[in-house]
Protein chains: 2
Amino acid sequence: MIQPGRTPLHIQLADIIRSQIESGVYNAGDQLPTEMELMKQHELSSSTVRQAVLALVSEGLLYRRAGKGTFVAKRHIGRDLLTFSGFSEEAAARGFRPGARHMTAHWRPADAVAAALNVPTHESIFTIERVRTIDDEVVAVETVSFVAAIGRLMEKLDLADTSFTEILEQQLGVPLARAKQEIRAGIARAKLAKALDVSSGTAVLQIDRTAFDTADRIIYFSSSSYRADRYIYSCWIERNSASIAQPRRLIGRSR
Amino acid sequence: MIQPGRTPLHIQLADIIRSQIESGVYNAGDQLPTEMELMKQHELSSSTVRQAVLALVSEGLLYRRAGKGTFVAKRHIGRDLLTFSGFSEEAAARGFRPGARHMTAHWRPADAVAAALNVPTHESIFTIERVRTIDDEVVAVETVSFVAAIGRLMEKLDLADTSFTEILEQQLGVPLARAKQEIRAGIARAKLAKALDVSSGTAVLQIDRTAFDTADRIIYFSSSSYRADRYIYSCWIERNSASIAQPRRLIGRSR
DNA sequence: CAGTGGTCTAGACCACTGT
DNA sequence: CAGTGGTCTAGACCACTGT
């Protein structure tokens with residue numbers, strides 16, 4: 001029952017419709033009541049009904065057809081998507097057991113990652129290298145470089161097997177907001193092949209990530225190489241809704 | 001000047017504000033005119049002004065603070081992101097010249113892509129293969145399979161050099177909504193290596209895409225192999241906003 | 001306090017879909 | 001043709017921000 005109060009009416013209506021879909025009152029493909037019917041049922045104005053329904057459309061739960069009606073979408077994309085998260089977080093969320101081996105941590109000049117971290121070349125950065133495992137099988141080699149301010153906090157902590165994302169957010173209070181990723185295909189040469197336990201010349205998926213906090217400061221740059229036979233990067237992309245953070249492709253500049 | 005016509009007024013207003021931001025009339029952090037001022041300036045009702053401004057907010061171009069005002073966002077994530085788009089559309093948007101070579105189109109049994117298209121194995125599908133170029137240099141090999149209903153429409157058209165995305169939407173009226181992508185690293189063997197003009201054993205980035213319309217019907221499945229030296233997949237991911245379609249990673253199941 | 005965006009009402013007219 | 005969602009008007013009242 002929709003009642004005036006602290007919760008806006010359009011949010012109450014959207015919640016009602018959402019729970020009706022989840023509980024099976026409406027199933028995939030079903031037509032929802034029209035705007036007019038929803039107005040009468042809930043004693044709301046057309047604008048309020050519209051606001052509620054459009055919110056569910058942008059969630060991907062409903063779709064509308066002018067002249068036809070409003071329908072329950074067959075797929076519920078929002079439900080099975082994971083946000084920007086670290087290796088450990090993500091593996092755990094999927095029911096796998098993440099792990100790390102052969103970790104080394106040290107200070108070194110920024111050099112090659114200076115541009116990615118937006119610091120001078122000679123500035124010291126704190127770099128951690130680890131071999132990442134899923135259920136004790138080697139999946140990736142990961143190198144994470146932190147800007148000096150974060151590095152000074154990280155080096156005092158016990159970092160084995162832990163999720164950097166959780167440490168940053170929960171122990172250090174760094175509010176991670178977004179990251180830019182670049183995904184490439186590459187070949188594992190001698191050293192990398194050995195670390196990944198594959199033959200030299202095997203394909204690897206390379207993912208570079210630059211992470212930003214809510215104030216758009218760079219927090220870390222990570223570069224990971226995944227075994228192509230054990231890792232697939234999967235994502236949904238949307239058409240015509242510029243509001244949504246979407247993958248893009250770059251044309252490489254090499255000749 | 002906003003005028004009644006085929007373009008809705010709220011879209012006209014959003015376009016005006018967007019171009020004012022792009023041309024520097026308003027800069028990052030600047031406060032925009034209030035709803036009341038925009039209503040007077042453009043002789044529009046509050047709802048119409050609101051609709052335009054909210055669209056720009058959801059694009060990430062503006063942000064609003066109750067009691068304070070509407071401001072130009074500092075980061076314009078929406079601006080440098082491309083939506084789900086085809087090879088041609090995207091290359092053109094970046095100032096490159098897309099092309100296609102060696103196109104073949106034929107009907108064949110669904111077989112291996114039956115699962116991806118969600119049709120029976122024996123059902124006929126329409127498959128198009130092309131070598132894709134950017135500024136006349138080979139970048140990728142692309143195989144697109146359409147479900148029979150779409151295939152029967154496609155086979156009558158002139159498909160050389162064209163963007164399937166544009167054909168689907170503009171000529172066939174298919175409202176593409178979203179796609180699921182899987183990105184892998186692979187190795188170019190003899191046939192693929194020859195098509196891409198690289199040595200056998202070179203790394204390639206493989207992107208499989210299943211495209212859905214707004215009613216969540218599968219429209220096509222495409223499988224592309226990109227030269228690793230000429231193509232990088234780039235995307236932004238956000239933390240803690242479940243409503244946004246975001247990339248996720250899958251742990252591969254192979255041993 | 002005046003000014004802002006957030007919510008909400010009660011309509012009107014339109015283009016589009018399917019019978 | 002009746003019914004649908006899409007657009008638009010012309011207001012009202014509210015909570016919140018900053019002086």
A:Phe146: partners by ring-ring contact (aromatic ring centres under 6.0 Å, His included), with sequence neighbours left out: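 Listed in chain order: A:Phe164, A:Tyr220.
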
Those residues that, when tested against A:Tyr63, pass ring-ring contact (aromatic ring centres under 6.0 Å, His included) (two or more places apart):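 ring-ring contact (aromatic ring centres under 6.0 Å, His included) list for A:Tyr63, sorted by chain: A:Phe71.
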
Side chain to side chain donor-acceptor pair (under 3.5 Å) partners for B:Thr143, two or more places apart: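 Counting only residues at least two positions away or on another chain, B:Thr143 forms no side chain to side chain donor-acceptor pair (under 3.5 Å).
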
Partner set under side chain to side chain donor-acceptor pair (under 3.5 Å) for B:Gln31, not counting sequence neighbours: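 Partners of B:Gln31 under the side chain to side chain donor-acceptor pair (under 3.5 Å) test: none.
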
Qualifying side-chain hydrogen bond (donor to acceptor under 3.5 Å, both in side chains) pairs with a residue from residues 108-126 of chain B, counting only residues at least two apart or across chains: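 side-chain hydrogen bond (donor to acceptor under 3.5 Å, both in side chains) check on residues 108-126 of chain B returns B:Arg108-B:Thr127.
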
Between [N] ([atom2]) and [X] ([atom1]): distance, integer Å:
X	N	atom1	atom2	answer
B:His10	C:dC14	NE2	P	17 Å
A:Leu9	C:dC8	CG	C1'	7 Å
A:Leu13	C:dT7	CG	C1'	14 Å
A:Lys68	C:dT19	NZ	C1'	14 Å
A:Arg64	C:dC16	CZ	C1'	14 Å

Results of salt bridge (charged side-chain N to carboxylate O under 4.0 Å, His left out) for A:Asp15 - residues two or more places apart only: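 By the salt bridge (charged side-chain N to carboxylate O under 4.0 Å, His left out) rule, A:Asp15 matches A:Arg18.
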
Those residues that, when tested against B:Gln12, pass side-chain contact (heavy atoms from CB on, under 4.5 Å) (two or more places apart):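 B:Gln12 satisfies side-chain contact (heavy atoms from CB on, under 4.5 Å) with B:Ile2, B:Thr7, B:Leu9 only.
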
side-chain contact (heavy atoms from CB on, under 4.5 Å) involving B:Ala105 - partner list, sequence neighbours excluded: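 Checked B:Ala105 against side-chain contact (heavy atoms from CB on, under 4.5 Å); matches are B:Phe126, B:Ile128.
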
Among D:dG6, D:dC8, C:dT9, the nucleotide that comes nearest once only the side chain of A:Ala66 is considered: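 From the listed options, D:dG6 comes nearest.
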
Criterion side-chain hydrogen bond (donor to acceptor under 3.5 Å, both in side chains) on B:Gln206 and B:Arg184, from CA distance to verdict: CA-CA 5 Å; B:Gln206 297 179 331; B:Arg184 298 174 180 77; 5.3 Å; no

Audit row: B:Lys180, B:Asp208, salt bridge (Lys or Arg N to Asp or Glu O under 4.0 Å) steps and yes/no: CA-CA 8 Å; B:Lys180 188 187 184 188; B:Asp208 288 353; over 6 Å; no

Secondary structure of DNA chain D in dot-bracket form (Watson-Crick or G-U wobble, distances below 3.5 Å, | marking inter-strand pairs): |.||||||||||||||.|.

Those residues of residues 29-45 of chain A lying under 4.0 Å from DNA chain D by at least one heavy atom: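 Result for residues 29-45 of chain A: A:Thr34, A:Glu35, sorted by number.
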
Of all pairs that satisfy salt bridge (charged side-chain N to carboxylate O under 4.0 Å, His left out), the ones with a partner from residues 48-57 of chain A, not counting sequence neighbours: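 Matches after skipping sequence neighbours: A:Glu35-A:Arg50.
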
N/O (side chain, B:Ser47) to phosphate O (OP1/OP2, D:dT7) under 4.0 Å: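 Result: no.
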
Touch class at under 4.0 angstrom, heavy-atom based, for B:Thr70 against every strand present: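 Here B:Thr70 touches the backbone only, sparing every base.
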
5′-ward residue of the pair A:Pro8/B:Arg65 relative to DNA chain C: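 Residue closer to the 5' terminus by nearest nucleotide: B:Arg65.
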
Within residues 49-57 of chain A: residues closer than 4.0 Å to DNA chain C (heavy atoms):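 Those residues are A:Gln51.
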
